[in-house]
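Have a look at the structure below, then the notes.
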Number of protein chains: 2
Amino acid sequence: MGRRERNKIDTRRAIADAAFDLARSVGPGAFTADQIAERAGVSRRTFFNYFHSAEDALTVRMDGFLELALGVFGSMPAGEPLFESIIRAFSETTRMEGLSQHGELFRMADTNPELLRAQLHSWERAEVLIAEALRRRLGSVTGDLYLTALVGSVLSCTKAAVRDWAATTAEDAEDSGEQLEARILAALSMLRDGFSEPVASGAPSTARDTHASPGQPV
Amino acid sequence: MGRRERNKIDTRRAIADAAFDLARSVGPGAFTADQIAERAGVSRRTFFNYFHSAEDALTVRMDGFLELALGVFGSMPAGEPLFESIIRAFSETTRMEGLSQHGELFRMADTNPELLRAQLHSWERAEVLIAEALRRRLGSVTGDLYLTALVGSVLSCTKAAVRDWAATTAEDAEDSGEQLEARILAALSMLRDGFSEPVASGAPSTARDTHASPGQPV
DNA sequence: GCCCTGATTGCACGGTGTGCAATTATTCGC
DNA sequence: GCGAATAATTGCACACCGTGCAATCAGGGC
């Protein structure tokens with residue numbers, strides 16, 4: 001990797017870190033692009049070469065998480081049942097990534113509409129990427145609607161899991177990673193079972209065969 | 001309804017209409033707040049009293065659609081199976097609303113990131129409202145994660161249906177409403193059945209009992 | 001070393017979003 | 001009706017945003 005490439009990555013990272021530090025210390029939405037740039041040691045103009053708003057600089061981590069999950073998913077054996085692959089992809093990703101900052105960023109979105117929008121956009125971009133990957137895996141027989149509805153639902157469940165985790169789990173907890181993993185598993189299991197039976201808090205139904213029983217839900 | 005209230009509604013509407021007209025004629029993102037204000041016959045400052053940004057003025061219709069759907073859902077009989085209620089709520093809503101502009105707005109989001117973000121935010125707001133309504137219906141036994149994952153998935157499916165519809169159906173088609181309704185029904189049926197079997201384009205599986213058969217999906 | 005390519009920077013400029021105080025329009029008590 | 005309370009509209013000011021442009025600086029190829 002050449003010097004040029006290396007520098008760009010470093011700069012990008014420096015800016016993202018500066019933005020995160022500022023968000024953390026003065027609160028999201030309470031600082032300007034100039035402040036980020038100054039802290040990152042670049043000019044204001046350069047900041048806007050990398051991101052087009054302060055909030056965007058705060059989604060780098062989430063983008064990374066979702067792209068990483070996509071990469072992991074891509075390496076799953078093709079024969080494996082789809083939901084197995086999806087669940088494992090997210091589970092393994094939670095183990096690879098440092099999660100402490102993610103929860104914090106998520107909570108920040110509660111008090112800052114612009115940041116929330118940026119994060120929603122990040123999920124949306126991931127949705128498109130994942131849909132493309134899945135199309136390659138499932139082939140062209142599958143309808144577009146099926147594909148996009150599935151991917152959207154999977155990400156919604158993941159989002160719900162992450163939010164629940166961010167809301168209830170201290171980010172410095174020992175088992176923080178496992179907590180998130182369990183929630184993702186629980187939410188995706190619900191999805192796989194068509195939400196046929198309401199599940200109370202903290203009691204994820206992971207049994208494969210909840211699937212055979214249900215009759216009329218709710 | 002007093003004069004004050006009436007005027008506010010009219011102003012809001014005038015601004016939203018002006019924004020839509022402009023978006024339609026010069027393209028989304030190609031006009032300023034001043035232009036909207038001028039066309040609506042109010043001051044620039046007043047525009048910002050009603051909306052945070054030009055793009056926000058373009059989500060009024062979508063907000064209306066989703067709030068209407070929520071209202072319809074609220075009037076469903078409490079004993080009815082949940083997915084029945086949800087599906088019927090959206091179906092009936094598509095019959096009440098003039099849909100011609102919705103498709104156009106959706107397509108505009110493809111070429112305008114800010115508008116996309118505003119629309120995603122609109123879905124997000126609806127998600128919160130619907131989750132609250134559902135909590136009242138289902139009671140407190142239900143876990144938070146179950147609830148938010150369910151609502152997120154339902155809206156993701158609806159979103160996928162609307163997008164597919166917007167992408168494939170001319171907004172002035174005779175059966176435009178039915179087209180959308182069918183897609184929403186199809187997507188929500190897939191969800192109810194846990195996406196157990198891939199469905200090709202244009203062949204919605206609406207049978208309730210796809211549910212009993214499946215075994216390992218995909 | 002010299003040139004080429006690409007990243008960084010300063011500058012300028014139109015647009016954004018909001019606090020504030022003045023003005024104008026409705027409402028309400030009488 | 002009429003004046004006082006209340007709420008909406010407006011103009012103004014101001015800091016900040018986001019981007020085109022041209023100059024400058026750093027890295028890579030030869």
Side-chain angles (χ1 to χ4, degrees), chain A residues 1-19 22-23 25-60 109 111-119 121-122, chain B residues 1-23 25-60 109 111-119 121-122:
Chain A
M1 177 177 295
R3 192 63 187 267
R4 264 205 168 104
E5 210 173 345
R6 182 76 258 155
N7 282 345
K8 272 187 87 164
I9 292 174
D10 288 348
T11 305
R12 197 178 170 77
R13 188 175 205 95
I15 294 174
D17 287 348
L22 275 169
S25 57
V26 303
F31 53 93
T32 69
D34 298 72
Q35 289 174 278
I36 301 175
E38 189 187 351
R39 185 180 278 239
V42 297
S43 71
R44 179 183 124 83
R45 190 62 184 81
T46 298
F47 169 81
F48 282 113
N49 283 341
Y50 282 85
F51 300 100
H52 68 267
S53 72
E55 287 74 24
D56 278 2
L58 294 173
T59 66
V60 185
T111 60
N112 188 323
E114 275 315 308
L115 180 56
L116 175 59
R117 288 187 180 202
Q119 290 183 1
H121 199 178
S122 178
Chain B
M1 178 175 295
R3 192 67 185 270
R4 271 218 170 96
E5 211 172 343
R6 182 77 260 153
N7 282 346
K8 271 186 88 162
I9 292 174
D10 288 348
T11 305
R12 197 179 171 77
R13 188 174 206 94
I15 294 175
D17 287 348
F20 182 68
D21 289 349
L22 276 168
S25 57
V26 303
F31 52 92
T32 70
D34 298 72
Q35 290 174 281
I36 302 175
E38 188 187 352
R39 184 179 279 238
V42 297
S43 72
R44 181 183 122 85
R45 190 62 183 83
T46 297
F47 169 80
F48 282 113
N49 283 341
Y50 282 86
F51 301 100
H52 288 310
S53 70
E55 287 74 24
D56 278 3
L58 293 173
T59 66
V60 185
T111 59
N112 187 323
E114 277 314 309
L115 180 56
L116 175 59
R117 287 187 181 203
Q119 291 184 359
H121 198 177
S122 178

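A note on names: the letters A, B, ... follow the listed sequences, proteins ahead of strands, and every chain is numbered from 1. The basis for the numbers below is simple: all heavy atoms, side chains too, and nothing from hydrogens, waters or symmetry mates.
Listed in residue order, the members of residues 29-36 of chain A having a heavy atom less than 4.0 Å from DNA chain D are Thr32(A), Ala33(A), Asp34(A). Less than 4.0 Å separates DNA chain C from at least one heavy atom of each of the following residues of residues 2-11 of chain B: Gly2(B), Arg3(B), Arg4(B), Asn7(B). Sorted by residue number, the members of residues 41-49 of chain A with any non-hydrogen atom under 4.0 Å from DNA chain D read Arg44(A), Arg45(A), Phe48(A).
One finds the CD atom of Glu55(A) at 13.5 Å from the OG atom of Ser122(A) (value rounded to the nearest 0.5 Å). Interatomic distance, CD of Glu114(A) versus CG of Leu58(A), reported as 12.0 Å (0.5 Å rounding). Expressed to the nearest 0.5 Å, how far CE of Met1(B) lies from NZ of Lys8(B) amounts to 12.0 Å. With rounding to the nearest 0.5 angstrom, the CZ atom of Arg117(B) is 10.5 Å from the CD atom of Gln119(A). Annotation: the span from Thr111(B) atom OG1 to Leu116(B) atom CG amounts to 10.0 Å, rounded to 0.5 Å.
The shortest heavy-atom contact between Asn112(A) and Gly29(A) is ND2-N, 3.1 Å. Nearest approach of Phe47(A) to Ala37(A), heavy atoms of both residues: CB-CB, 4.2 Å. The two residues Phe31(B) and Ala54(B) come nearest to each other via the heavy atoms CE1-CB, 4.1 Å. Residues Asp56(B) and Ala118(B) come closest through the heavy atom pair OD1-CB, 3.8 Å. Taking all atoms of both residues into account, the shortest heavy-atom contact from Pro28(A) to Leu115(A) is CB-CD2, 4.2 Å.
Protein chain B touches strand DNA chain D; the 5'-most and 3'-most nucleotides with an atom under 4.0 angstrom of its non-hydrogen atoms are dT6(D) to dC12(D).
Atom pair Met1(B):CE and dT27(C):P shows a separation of 12 Å (rounding to whole Å applied). As a whole-Å value, the separation of Glu38(A) CD from dT8(C) C1' is 17 Å.
If you check every strand for non-hydrogen atoms under 4.0 Å, Tyr50(B) touches sugar and phosphate atoms only.
Considering only heavy atoms from C-beta on, Asp21(B) comes within 4.5 Å of Arg39(B) through its side chain. In this structure, the side chains of Phe51(B) and Val60(B) come closer than 4.5 Å at one or more pairs of heavy atoms.
Shown here is Gln35(B), whose CD atom has more than 12 heavy atoms of other residues, nucleotides or ligands within 6.0 Å.
Two end axes, each from the C1' atoms of five base pairs, can be drawn for the helix from dT5(C)-dA26(D) to dC30(C)-dG1(D); they diverge by 30°, to 10 degrees.
Listed pair His52(B) / dT18(C) meets the phosphate criterion, a side-chain N or O lying under 4.0 Å from OP1 or OP2.
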Report all side-chain donor-acceptor pairs from residues 9-16 of chain B shorter than 3.5 Å, counting only partners two or more places apart or in another chain.
from: Asp10(B); atom 1: OD1; to: Arg6(B); atom 2: NE; distance (Å): 3.4
from: Asp10(B); atom 1: OD1; to: Arg6(B); atom 2: NH2; distance (Å): 3.3
from: Thr11(B); atom 1: OG1; to: Asn7(B); atom 2: O; distance (Å): 2.8

